[in-house]
Q: 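Structure in structure tokens, see below.
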Amino acid sequence: MITKENILAIAKKTILSESEAITKLIDFLDENFYEAVQRIYETKGRLIVTGIGKSAIIAQKMVATFNSTGTPSMFLHAAEAIHGDLGMIQNDDIIICISKSGNSPEIKVLVPLLKRFGNTLIAITGNVTSFLAKGSDFVLNTTVDTEACPINLAPTNSTTAQLVMGDALAVCLMEMRDFKPEDFAVYHPGGALGKKLLLRVKDMIENSLKPAVAPDTSVKKVIFEISEKRLGVTAVIEDNKIVGIITDGDIRRMLNDVDTIADLTARDIMSKNPKVVSSETMAVDALNILEDYSITQLIVSDEGTYKGVLHLHDILKEGIV
């Protein structure tokens, strides 16, 4: 009978087995890895990644990682290659071929065809004496002692090792290209990640209202301005300069402290030196300021020119948190 303890023990054993297989890859890194990275970095072509079976799935993930980190890549299915897809390979392209055994029938057919084009061929294989390894310019060793699979058949440790070797290549190339967050954003413009890296304050206030009052504006009119613009705040402007801010919180505190507002003006209740950001500020940086000061609005100003108000709700609406 399989118990909860058995299941957890099996899971832990699997994770430990795969982690040990990954750790052993460190000892396999050699001149081949260095030269492979250099060739990929220097090529004017693309990186073509191919494989069969589970290795093909790993190849697709590698391509996704390479493309998103600045290395133009394409996936080539080893079985489809000999039925016309070899046409995607160009003269300057570098090819990575992934195969645990390096001796599958598809690989034995494919390798001579790849070499015929004269492209650099990099093998990622668990068999350094295989047909693939012998036919490649560089061999990245991903040998594993056993699979985590209890019958030592299903690719587990071996595919994890392949994946990690691909990540090692990608990270080295990122470092060599001095790949920065803004570069990453170019390839990830959609979703929360893209917005965190690309969205600026100006993108959120383009169509927003700009509540503003003069210092001598009556408190009654201040309340009307805040209510009408529905941002819970108004800037106080004097001689085209921002001299203060009044929030709905300031209004509530004032009403608790005074019996009449007849003689009060904006200057009497405004907060001086409000938190200000430029329209070019990244949205995520603006969010950090809001959180640091426990406030919900920021005045937006470019070189002293009042541009509007950024509200916490504007950021939340964009879904970047």
Side-chain angles (χ1 to χ4, degrees), residues 180-186 188-258 260-321:
K180 293 181 170 60
E182 50 267 35
D183 300 315
F184 194 78
V186 171
H188 297 77
L193 178 60
K195 288 181 178 180
K196 281 185 178 181
L197 295 170
L198 290 175
L199 193 67
R200 297 182 183 274
V201 168
K202 65 181 180 182
D203 300 318
M204 294 181 287
I205 65 165
E206 287 179 337
N207 300 315
S208 66
L209 299 173
K210 296 199 301 181
V213 297
D216 58 357
T217 302
S218 70
V219 167
K220 183 177 180 180
K221 289 184 178 180
V222 169
I223 295 174
F224 285 154
E225 180 72 0
I226 292 176
S227 299
E228 182 182 357
K229 300 299 171 61
R230 298 183 178 182
L231 290 172
V233 66
T234 182
V236 182
I237 308 295
E238 183 176 32
D239 297 330
N240 295 320
K241 294 182 180 180
I242 301 165
V243 295
I245 186 174
I246 301 173
T247 68
D248 50 10
D250 294 324
I251 298 295
R252 287 193 298 272
R253 285 186 288 273
M254 173 206 65
L255 292 174
N256 285 330
D257 294 338
V258 301
T260 177
I261 64 172
D263 299 325
L264 294 177
T265 65
R267 180 180 282 107
D268 298 321
I269 64 171
M270 72 181 187
S271 299
K272 298 179 180 179
N273 303 315
K275 300 303 176 187
V276 178
V277 295
S278 76
S279 62
E280 291 295 328
T281 302
M282 301 301 297
V284 69
D285 293 331
L287 175 61
N288 290 334
I289 295 173
L290 291 171
E291 291 178 337
D292 288 344
Y293 291 95
S294 298
I295 55 179
T296 57
Q297 302 103 342
L298 287 170
I299 297 295
V300 182
S301 174
D302 289 340
E303 298 180 353
T305 301
Y306 176 46
K307 293 294 185 179
V309 174
L310 176 69
H311 198 286
L312 175 62
H313 292 162
D314 298 323
I315 299 176
L316 296 177
K317 189 166 58 178
E318 294 293 340
I320 68 171
V321 292

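Numbers for residues simply follow the sequence, beginning at 1.
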Q: Quick one: does V219's side chain get under 4.5 Å of T265's, heavy atoms only?
A: no
Q: For N240, I'd like to know if atom CG has over 12 heavy atoms of other residues, nucleotides or ligands within 6.0 Å.
A: no
Q: Check for a donor-acceptor pair, side chain of S227 on one end and backbone N or O of F224 on the other, with a separation under 3.5 Å.
A: no
Q: State, with a plain yes or no, whether a side-chain heavy atom of K272 is found less than 4.5 Å away from one of V243.
A: no
Q: Does D263 have more than 12 heavy atoms from other residues, nucleotides or ligands lying within 6.0 Å of its CG?
A: no
Q: Got a second to check how far D292's CG is from I289's CD1, nearest 0.5 Å?
A: 7.5 Å
Q: Measuring from atom CD of E280 to atom NZ of K307, what distance do you get when rounded to the nearest 0.5 angstrom?
A: 10.5 Å
Q: Using every non-hydrogen atom in the two residues, find where S278 and V201 come nearest and quote the distance to one decimal.
A: O-CB, 3.8 Å
Q: So, Q297 side chain and L231 main chain: donor-acceptor pair closer than 3.5 Å or not?
A: yes
Q: Do E225 and E228 touch side chain to side chain, with heavy atoms closer than 4.5 Å?
A: yes
Q: Between T234 and A212 (side chain of the first, backbone of the second, donor and acceptor by atom type, cut-off under 3.5 Å), is there such a pair?
A: yes
Q: Would you say I315 and L290 make side-chain contact, with heavy atoms under 4.5 Å?
A: yes
Q: Give the C-alpha distance, both sets of side-chain angles, the deciding distance and a yes or no for salt bridge (Lys or Arg N to Asp or Glu O under 4.0 Å) between R253 and D250.
A: CA-CA 5 Å; R253 285 186 288 273; D250 294 324; 2.7 Å; yes
Q: Nearest heavy-atom pair of L209 and P211: which atoms, and what distance?
A: O-CD, 3.4 Å
Q: State, to 0.1 Å, how close A286 and T281 come at their nearest heavy-atom pair, and which atoms those are.
A: N-CG2, 4.1 Å
Q: Got a second to check how far L255's CG is from L264's CG, nearest 0.5 Å?
A: 9.5 Å
Q: With rounding to the nearest 0.5 angstrom, report the OG1 to CD1 distance, T305 to I242.
A: 8.5 Å
Q: If we only count heavy atoms from C-beta on, is the I261 to M254 side-chain gap below 4.5 Å?
A: yes
Q: Grab the two heavy atoms, one from A266 and one from A214, that are nearest each other, plus how far apart they are.
A: CB-O, 3.5 Å
Q: If you count every heavy atom of other residues, nucleotides or ligands that lies below 6.0 Å from N256 atom CG, does the total exceed 12?
A: yes
Q: Between Y306 and I299, is there a donor-acceptor pair closer than 3.5 Å when you use the side chain of the first and the backbone of the second?
A: no
Q: From I251 CD1 over to I269 CD1, what is the distance, rounded to the nearest 0.5 angstrom?
A: 3.5 Å
Q: Is any side-chain heavy atom of L287 less than 4.5 Å from a side-chain heavy atom of L312?
A: yes
Q: Can you name the closest pair of heavy atoms from A283 and M204 and give their distance?
A: CB-CE, 3.4 Å
Q: Considering only heavy atoms from C-beta outward, does the side chain of V233 approach that of I226 to under 4.5 Å?
A: no
Q: What is the distance from atom CZ of R267 to atom CG of D216, rounded to the nearest 0.5 Å?
A: 6.5 Å
